[in-house]
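Small disclaimer: the values here were computed from a predicted structure and weren't measured. Proteins get letters first, then strands, A, B, ... in listed order; numbering begins at 1 in each.
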2 protein chains.
Amino acid sequence: MCDNKNRELGQPIGARIRSLRTARDWSLAELAKRAGTSAPTLHRYESGWDRFELATLRKIASALGVLLEVNFVEESVSTGAPADLRALIAPLFWDRELRPADLDQYPDWVLERVLMFGSRDQVSAARKYFGDEAVAKAAGRRGVDPKTRNYWNTILEGAAGAS
Amino acid sequence: MCDNKNRELGQPIGARIRSLRTARDWSLAELAKRAGTSAPTLHRYESGWDRFELATLRKIASALGVLLEVNFVEESVSTGAPADLRALIAPLFWDRELRPADLDQYPDWVLERVLMFGSRDQVSAARKYFGDEAVAKAAGRRGVDPKTRNYWNTILEGAAGAS
DNA sequence: ATTTTTATTATCACACATGATAATAATATA
DNA sequence: TATATTATTATCATGTGTGATAATAAAAAT
């Protein structure tokens with residue numbers, strides 16, 4: 001999830017709540033009971049409400065057994081420069097040196113590795129650099145495990161639906 | 001920053017705001033003007049206020065030129081069961097199959113690989129499973145690059161200091 | 001086909017987050 | 001030392017997020 005609407009880094013809050021709830025096979029009423037709120041209120045949240053109080057999000061997170069993180073994030077490494085991205089993800093390429101040209105010649109291969117083994121920051125930077133289409137393509141490669149593939153299919157589906 | 005008080009993952013929100021503001025050499029009045037709020041209100045926030053509306057945090061983030069991230073983070077995989085950890089980190093052992101017994105027979109070797117190439121989740125799960133002492137030991141192995149070693153020495157030093 | 005469960009929409013009262021304002025204390029500047 | 005700037009504390013009016021409730025639609029179960 002990202003709260004700043006200018007950057008699509010994940011699901012909107014409401015969609016995330018729904019996703020977490022349905023993963024647990026809970027009804028709106030069940031989660032509402034656990035979170036100390038009401039089903040119609042939760043429905044409102046899952047349907048696009050966006051102006052939460054943190055206290056509300058805290059209750060919901062607690063009921064769902066997840067951690068609520070709230071971060072002010074400085075603009076990350078500049079991803080306009082290939083050299084910056086290369087330096088960031090180079091550690092993932094233990095078997096072969098990652099050359100600067102590889103970013104443009106073999107985006108699928110690079111992304112596959114990043115999606116499979118990269119940290120959040122590395123993945124985020126690569127996604128920004130290559131774009132969602134390239135990520136979707138890379139997620140379809142044989143070297144990507146089904147769990148990771150499903151993850152990205154869901155994320156990118158959500159990101160495409162929002163545009 | 002982490003919003004769930006049960007886990008210490010960073011600065012409280014208010015302290016983070018102050019840190020970002022003073023880094024820019026702005027007064028309370030300056031940030032207040034940019035964020036469309038008031039100096040006394042900002043002072044309240046920086047001094048421990050904790051029950052924010054997201055809209056408020058958005059305004060402040062925008063004024064500070066930073067990204068507001070709001071995440072529900074799943075608790076990581078259960079690390080009580082060796083099979084779960086093994087499944088999680090298995091992709092990192094591309095050159096040799098990771099057998100269940102390896103976790104107990106060669107913890108150093110397993111951890112070295114995880115520390116060097118693991119994702120955040122993988123590292124976190126392994127750390128939880130093996131404990132900090134084992135991580136410290138593994139970080140000292142020859143196959144761990146100095147940067148990673150320093151990273152873990154710092155982290156574990158901090159973790160030891162906190163107890 | 002009927003009943004039960006769940007989701008969805010709408011209304012409303014109330015608690016409270018927020019910013020405006022004033023006053024005072026502390027710090028920085030001239 | 002005097003003045004200006006900034007930080008801090010307190011009060012209060014207002015807008016709004018929230019949950020309770022009712023009604024209805026849709027989906028699932030029997």
Task: With B:S19 via side chain to side chain donor-acceptor pair (under 3.5 Å) - residues at least two apart - done: none
Task: Which residues share a side chain to side chain donor-acceptor pair (under 3.5 Å) with B:R51, sequence neighbours left out - done: none
TODO: Could you pull out all residues at least two apart from B:E46 that satisfy side chain to side chain donor-acceptor pair (under 3.5 Å)?
DONE: B:R18, B:R21
Open item on the list: I'd like to check the side-chain contact (heavy atoms from CB on, under 4.5 Å) partners of B:T41; sequence neighbours left out, ordered by chain and number.
Closed with: B:T37, B:S38, B:R44, B:Y45
TODO: Under the side-chain contact (heavy atoms from CB on, under 4.5 Å) rule, collect the residues that match up with B:S62, sequence neighbours excluded.
DONE: none
Task: Partners meeting side-chain contact (heavy atoms from CB on, under 4.5 Å) with A:A15 (sequence neighbours left out) - done: A:Q11, A:P12
Task: Length of the line joining A:E30:CD and C:dT5:C1', which is rounded to integer Å - done: 13 Å
Could you go through nucleotides 16-18 of chain C and list every protein N or O atom that sits under 3.5 Å from one of its N or O atoms, giving the distance for each pair?
{"from": "C:dA17", "atom 1": "OP1", "to": "B:R51", "atom 2": "NE", "distance (Å)": "2.5"}
{"from": "C:dA17", "atom 1": "OP1", "to": "B:R51", "atom 2": "NH2", "distance (Å)": "3.0"}
{"from": "C:dT18", "atom 1": "OP1", "to": "B:E53", "atom 2": "N", "distance (Å)": "2.9"}
{"from": "C:dT18", "atom 1": "OP1", "to": "B:T56", "atom 2": "OG1", "distance (Å)": "2.6"}
{"from": "C:dT18", "atom 1": "OP2", "to": "B:Y45", "atom 2": "OH", "distance (Å)": "3.3"}
{"from": "C:dT18", "atom 1": "OP2", "to": "B:W49", "atom 2": "NE1", "distance (Å)": "2.9"}
{"from": "C:dT18", "atom 1": "O5'", "to": "B:Y45", "atom 2": "OH", "distance (Å)": "3.1"}

TODO: Could you tell me which residues satisfy side chain to side chain donor-acceptor pair (under 3.5 Å) with A:T56, sequence neighbours excluded, listed by chain and number?
DONE: none
Open item on the list: My understanding is that only residues two or more places apart in sequence, or in another chain, count here; which of them pass ring pair (Phe, Tyr, Trp, His ring centres under 6.0 Å) with B:W109?
Closed with: B:F93
- [ ] Round to a whole Å and report the spacing from NE2 of B:H43 to P of C:dA25.
- [x] 15 Å
- [ ] Anything under 4.0 Å to a heavy atom of chain A counts; send over the first and last such nucleotide of DNA chain D, read 5' to 3'.
- [x] D:dG17 to D:dA22
Open item on the list: B:A134: which residues meet the side-chain contact (heavy atoms from CB on, under 4.5 Å) condition with it, sequence neighbours left out?
Closed with: B:L111, B:F130
Open item on the list: Would you say that A:V144 contacts A:W152 through its side chain, given a criterion of any heavy-atom pair below 4.5 Å between the two side chains?
Closed with: no
- [ ] Identify, between B:R18 and B:A55, the residue whose nearest nucleotide on DNA chain D lies closer to the 5' end.
- [x] B:R18
Open item on the list: So for the helix from C:dA1-D:dT30 to C:dA30-D:dT1, with five pairs setting each end axis, what is the inter-axis angle to 10°?
Closed with: 50°
